[in-house]
2 protein chains.
Amino acid sequence: METLTRNQQIVLDIINKSSEPLKAYTILSNVQKKGIKAPPQVYRALDKLIEMGKIHKIESKNAFVACQNSSCNVSKATAFSICESCEEVTEISNSKISKYLSNFAEKAGMEYKKYNLEFFGLCKKCK
Amino acid sequence: METLTRNQQIVLDIINKSSEPLKAYTILSNVQKKGIKAPPQVYRALDKLIEMGKIHKIESKNAFVACQNSSCNVSKATAFSICESCEEVTEISNSKISKYLSNFAEKAGMEYKKYNLEFFGLCKKCK
DNA sequence: TTACATAATGTTATTTTATAACAATAAACT
DNA sequence: AGTTTATTGTTATAAAATAACATTATGTAA
Ligand SMILES: [Zn+2]
Ligand SMILES: [Zn+2]
Ligand SMILES: [Zn+2]
Ligand SMILES: [Zn+2]
């Protein structure tokens, strides 16, 4: 069980508390009172947290969310649905899809290490 | 059938000629001899070309590729395999995947408009 | 313990990616 | 022709990410 450093814990805490994806500079401005002063400190923490599977990056938004799927401790297969109206991002528990997709990648002759899938549309509330 | 403006055509040409994804500023430096001088001109053309489905953005790379799938004239469902060794990007055109994924989105209660899927790993040549 | 190696942090500056804002042309429509 | 709409040109700036290097903390081994 990997133990977090001070900066990693601070960054993770703020992401965990947020109900929406946070941008790196939003995180920075929210942790400056805790002593984190510059972008590299945030980005380093983010990188490690991603490696550990504690958070994921939403590529289409350049934003970061806590892993909502406790089993996802290696972040090798991620899937999200993103509401274009309310901006809600939900992590899709990947067991259903991941089997299908890894199977596909294999057949396609690719030695796949990970994938990222992002759905865009309207969530239940907004449609 | 939509007709391209001058800048759109210039940008599309250079993307079509490239065997690899191009970054916006790489495109810019390659089209300056043709009279396109500033980032907004490139980004505007890119936006329109994406809308038309002529090109796609590889989100994880902030780079742009020509659509390799002529049927993909609305860019609502895209899938790519990305080699982490040689950086090769291949557009996956597979009706089974798109059927499976749109079906999944529907069941999940989402009114989905599009998705983007990116596989990472080693291509046939590199593995 | 001390000496050495490794990892994490702090800090400044810079690079890379993308957009805001507004003036000038060109194309389409009435 | 006159009016609207889309596209372009241009300057400046915002937003996202990293390079480079000095410093401090942590772990390991003599
Ligand atoms: Zn997860
Ligand atoms: Zn919504
Ligand atoms: Zn396509
Ligand atoms: Zn390869």
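Order of the sequence lines fixes the chain letters, A, B, ..., with proteins taken first and strands second; residue numbering starts at 1 for each chain. Since the structure is predicted, the reported quantities are computational estimates derived from the model, not experimental observations.
The side chain of B/Lys23 contributes an N or O atom lying less than 4.0 Å from OP1 or OP2 of C/dT17.
Here the side chain of B/Ser18 pairs no donor or acceptor atom with the backbone of B/Ile15 at under 3.5 angstrom. A/Gln9 places no side-chain N or O within 3.5 Å of a backbone atom of A/Arg6 that could act as its donor or acceptor partner.
By the salt bridge (Lys or Arg N to Asp or Glu O under 4.0 Å) test, B/Lys125 pairs with B/Glu88, sequence neighbours left out. Every side-chain contact (heavy atoms from CB on, under 4.5 Å) that B/Ser60 has, sequence neighbours left out, goes to A/Glu59, B/Ile58, B/Ile82, B/Glu118, B/Phe120. Not counting sequence neighbours, B/Lys17 has no partner by the salt bridge (Lys or Arg N to Asp or Glu O under 4.0 Å) test. Taking the side-chain contact (heavy atoms from CB on, under 4.5 Å) definition, one finds that A/Asp47 meets it with nothing, sequence neighbours left out. Among residues two or more places apart in sequence or in another chain, the salt bridge (Lys or Arg N to Asp or Glu O under 4.0 Å) test is passed with A/Glu106 by none. Applying the side-chain contact (heavy atoms from CB on, under 4.5 Å) rule to B/Ala108 yields the partners B/Phe104; only residues at least two apart in sequence or on another chain are considered. Considering only residues two or more places apart in sequence or on other chains, A/Glu111 meets the salt bridge (Lys or Arg N to Asp or Glu O under 4.0 Å) condition with none of them. For B/Lys113, the side-chain contact (heavy atoms from CB on, under 4.5 Å) partners two or more places apart in sequence, or in a different chain, are A/Glu84, A/Leu122.
In this structure, B/Lys34 places its NZ atom 15 Å from P of D/dT8, rounding to the nearest Å. The interatomic distance linking A/Lys61 (NZ) with D/dA15 (C1') rounds to 15 Å, in whole Å. Rounded to a whole Å, the CG atom of B/Asn62 is 11 Å from the P atom of D/dA16. Look at CG on B/Leu22: it is 12 Å from P on C/dT17, rounded to the nearest Å. In this structure, A/Ile27 atom CD1 and D/dA15 atom C1' are separated by 14 Å, rounded to whole Å. With rounding to whole Å, A/Lys57 atom NZ is found 11 Å from C/dT17 atom C1'. For B/Gln41 and C/dT25, the CD to C1' distance is 13 Å, given to the nearest whole Å. We find that CG of A/Leu46 is positioned 9 Å from P of D/dA17, with the value rounded to whole Å.
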Between the protein and nucleotides 4-8 of chain C, which nitrogen or oxygen pairs are less than 3.5 angstrom apart?
none

Give the table of side-chain donor-acceptor pairs shorter than 3.5 Å for residues 20-34 of chain A, with sequence neighbours excluded, one pair per line with atom names and distance.
| unit_1 | atom_1 | unit_2 | atom_2 | d |
| --- | --- | --- | --- | --- |
| A/Lys23 | NZ | A/Lys61 | O | 3.1 |
| A/Ser29 | OG | A/Thr26 | O | 3.0 |
| A/Asn30 | ND2 | A/Thr26 | O | 2.8 |

Self-check item: Base-contact (B) and sugar-phosphate-only (S) positions in nucleotides 18-27 of chain D, heavy-atom cut-off under 4.0 Å, - elsewhere
Solution: BBB-------
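Checking C/dA18, C/dT9, D/dA17 against every side-chain atom of B/Phe64, the shortest atom distance belongs to C/dA18. Of the candidates C/dT11, D/dT10, D/dA16, D/dT10 carries the atom nearest the B/Lys37 side chain, counting heavy atoms from C-beta on.
Between its two ends, the helix from C/dT1-D/dA30 to C/dT30-D/dA1 turns its axis by 30°, counting five pairs per end and rounding to 10 degrees.
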